[in-house]
*Asks:* 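I am attaching a structure below and will ask some questions about it afterwards.
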Amino acid sequence: MVAEAPSVFEQIYRVVRCIPPGRVATYGQVARMAGMPRGARTVGWAMHSLPEGTDVPWHRVINARGTVHGPPGSHGALLQRLLLEEEGIAFDEQGRIDLERYGWCGLDWAERPGR
DNA sequence: CGTATGACGAGCC
DNA sequence: AGGCTCGCCATAC
């Protein structure tokens, strides 16, 4: 085919879409799977560029601290927390997620030849 | 082509 | 313990 758009955005979206429900991944983790071990910022930029009706579970993408972007009370932050709680993700008193528990287990997604 | 930005990460003070 | 700066990568202007 010809519609081959090697945009990192699409690559990132693809990875995010692979995040199973009830699981969360960090920007660095997604970036790493997308082929950019240091492109965490790029992932954030990709999420920022996401449209509203996107099929990308952006809410499952959080920072390495297990927190969401922006100050608590923001529309996006609140929505993200709501969506995650609905998937079974538990938030800490400080609004943090236990990456050790909910962190995405997608270990070999970056090296999986059949995926 | 060069500069500035951005929903990050890790290190340093 | 908390806050700030630098580094990295890609996009937008």
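Below, chain A is the first sequence line, B the second, and so on; all start at residue 1.
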*Asks:* When every nucleotide of nucleotides 6-13 of chain B is labelled 5' to 3' by its protein contacts under 4.0 Å (heavy atoms), B for base, S for sugar-phosphate only, - for none, what sequence of letters results?
*Replies:* BBBSS---
*Asks:* Out of the candidates Val43(A), Thr42(A), Ile62(A), only one should pair with Val30(A) under the side chain to side chain contact (heavy atoms under 4.5 Å, CB included) rule; please name it.
*Replies:* Val43(A)
*Asks:* Checking side chain to side chain contact (heavy atoms under 4.5 Å, CB included) between Val61(A) and each of Val15(A), Val68(A), Val16(A), which is the one that passes?
*Replies:* Val16(A)
*Asks:* What do the steps show when you test Arg60(A) against Glu87(A) for salt bridge (Lys or Arg N to Asp or Glu O under 4.0 Å), and what is the final call?
*Replies:* CA-CA 10 Å; Arg60(A) 290 181 194 145; Glu87(A) 293 192 347; 2.6 Å; yes
*Asks:* Return the residues of residues 82-95 of chain A meeting this criterion: a heavy atom under 4.0 Å from some atom of DNA chain B. Order them by number, or give none.
*Replies:* none
*Asks:* Are Gln80(A) and Trp58(A) close enough that some pair of their side-chain heavy atoms sits under 4.5 Å apart?
*Replies:* yes
*Asks:* Are Ile97(A) and Asp92(A) close enough that some pair of their side-chain heavy atoms sits under 4.5 Å apart?
*Replies:* no
*Asks:* Assign the ring pair His48(A) / Trp45(A) to parallel, tilted or perpendicular, where the plane angle (0 to 90°) is split at 30° and 60°.
*Replies:* tilted
*Asks:* Could you walk me through whether Arg81(A) and Leu84(A) pass side-chain contact (heavy atoms from CB on, under 4.5 Å), step by step?
*Replies:* CA-CA 5 Å; Arg81(A) 174 168 178 168; Leu84(A) 290 174; 5.8 Å; no
